[in-house]
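Right, one structure below, let's go through it.
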Amino acid sequence: MALVLVACAGGNASSANTPRSSRGAETDVREAYTQYRAAALAKRGQIAVRYLSSATLNYYDECRRDALTMPDRTLVGTVGPTQMLTILGVRAEFDAQTLRSITASALVARFVDMGLIGEEGLRKLKLGEVLVDGDIASAVALNGATPAGFSYLFAKEQGRWKLDLTSLNDAADPHLINAAHDAGLPMPAYIDSVLEARYGAARVKQLHHPLGP
């Protein structure tokens with residue numbers, strides 16, 4: 001599942017022209033990632049969301065709204081494959097009444113509590129070189145000593161560094177596209193196959209209908 005996107009995917013995110021960070025800022029960025037990672041792996045959602053950027057929470061709020069209202073004919077071809085997978089996952093895990101009232105923070109916290117956070121990726125990945133430009137930072141993701149093919153982005157908000165997961169869509173989308181190609185399936189069918197492994201074919205068929213306004 002790519003519901004809370006923690007770099008299960010390859011991709012390219014370059015920060016070669018970003019100024020090198022000061023030692024203090026680099027330490028703070030690493031600490032933000034460490035705290036998020038620890039909370040997510042411990043399935044402590046309310047703590048984990050404290051280390052996620054406002055852009056991340058806005059993204060999941062958009063997915064919440066689309067789960068309620070976006071018809072399947074609009075969903076296909078309108079959003080990228082990672083966002084489509086997320087929207088359908090939201091439909092699978094929550095009913096309409098809950099989605100009408102739940103906040104983005106609570107939504108993400110629930111996903112973390114349920115373990116839908118890319119746990120394998122979180123366990124394997126660490127931060128490489130951290131680069132800072134004002135209130136934006138990037139850090140190369142490493143799998144052991146090997147670059148994982150993308151960078152994490154961070155935003156400094158109200159004096160605290162927070163992880164921006166929205167940037168990982170650009171890394172995860174090519175991964176899903178390549179996987180669908182290797183499976184010989186069009187993207188919607190491949191996404192269904194991913195979801196069927198968790199929810200079953202009958203349940204997945206229902207997910208292609210919006211839950212209601």
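Pro147 places a side-chain heavy atom less than 4.5 Å from the side chain of Leu142. Residues Gln46 and Val112 have side chains not in contact (no heavy-atom distance under 4.5 Å, counting atoms from C-beta outward). Within the 4.5 Å cutoff, the side chain of Val130 has no heavy atoms near those of the Trp161 side chain.
Asn143 contributes no side-chain N or O that, together with a main-chain N or O of Ala148, makes up a donor-acceptor pair within less than 3.5 Å. In this structure, Arg64 contributes its side chain and Thr103 its backbone to no donor-acceptor pair below 3.5 Å. Between the Arg30 side chain and the Gly128 main chain, a donor and an acceptor come within less than 3.5 Å of each other. Under the 3.5 Å distance criterion, the side-chain polar atoms of Arg37 are matched with a main-chain donor or acceptor of Arg123. For Asp61 (side chain) and Leu57 (main-chain N/O), no donor-acceptor pair under 3.5 Å exists by modelled atom type.
Nearest heavy-atom pair across Tyr190 and Ala179 is OH-CB, 3.2 Å. Of all heavy-atom pairs spanning Ser151 and Ser138, the tightest one is CB-CB, 4.5 Å. Heavy atoms only, all atoms of each residue included: Cys63 and Gln83 are closest at SG-CG, 3.9 Å. Summarising the geometry of Leu211 relative to Ala96, their closest heavy-atom pair is O-CB, 3.7 Å, with the distance given to 0.1 Å. Heavy atoms only, all atoms of each residue included: Val132 and Ala137 are closest at CG2-CB, 3.8 Å. Residues Asn169 and Pro174 share a closest heavy-atom pair of O-CD, 4.4 Å.
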Legend entry - Pair Ile177-His181, side chain to side chain contact (heavy atoms under 4.5 Å, CB included): steps then yes or no: CA-CA 6 Å; Ile177 290 169; His181 179 268; 5.7 Å; no

Inset, instruction - Might you work through the side chain to side chain contact (heavy atoms under 4.5 Å, CB included) test for Tyr60 and Leu52, ending with a clear yes or no? - result: CA-CA 11 Å; Tyr60 283 98; Leu52 295 178; over 6 Å; no

Inset, instruction - Test Glu93 against Arg198 for side chain to side chain contact (heavy atoms under 4.5 Å, CB included), laying out the working first. - result: CA-CA 11 Å; Glu93 296 291 347; Arg198 180 176 179 85; 3.2 Å; yes

Legend entry - side chain to side chain contact (heavy atoms under 4.5 Å, CB included) assessment of Val108 paired with Thr56: CA-CA 9 Å; Val108 176; Thr56 301; 5.6 Å; no

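Between the CD1 atom of Ile87 and the CG atom of Leu207 there is a distance of 12.0 Å, given to the nearest 0.5 Å. Going from atom OH of Tyr59 over to atom CG of Leu168 covers 10.0 Å, rounded to the nearest 0.5 Å. Between Arg91 atom CZ and Gln206 atom CD the span is 12.0 Å, to the nearest 0.5 Å. Interatomic distance, CG of Asp164 versus OH of Tyr152, reported as 12.5 Å (0.5 Å rounding). Here the CD atom belonging to Glu157 is positioned 9.0 Å from the CG atom belonging to Asp135, to the nearest 0.5 angstrom. Taking CE of Met187 as the reference point, atom CG of Asp192 lies at 11.5 Å (rounded to 0.5 Å).
In the hydrophobic clustering of this structure, Val29 does not group with Leu153; members are Ile, Leu, Val, Met, Phe, Trp, Tyr whose side-chain heavy atoms approach within less than 4.5 Å, directly or through other members.
Enclosure of atom CD in Glu196 by more than 12 non-hydrogen atoms of other residues, nucleotides or ligands within 6.0 angstrom is indicated. Taking a 6.0 Å sphere around CZ of Arg100, one finds it holds more than 12 heavy atoms contributed by other residues, nucleotides or ligands.
Using a 4.0 Å cut-off between charged nitrogen and carboxylate oxygen, Arg110 and Asp113 do not count as a salt-bridge pair.
There is no side-chain donor-acceptor pair under 3.5 Å between Tyr51 and Glu31.
Between Phe94 and Phe111, the two ring planes are perpendicular [angle over 60°; tilted spans 30° to 60°].
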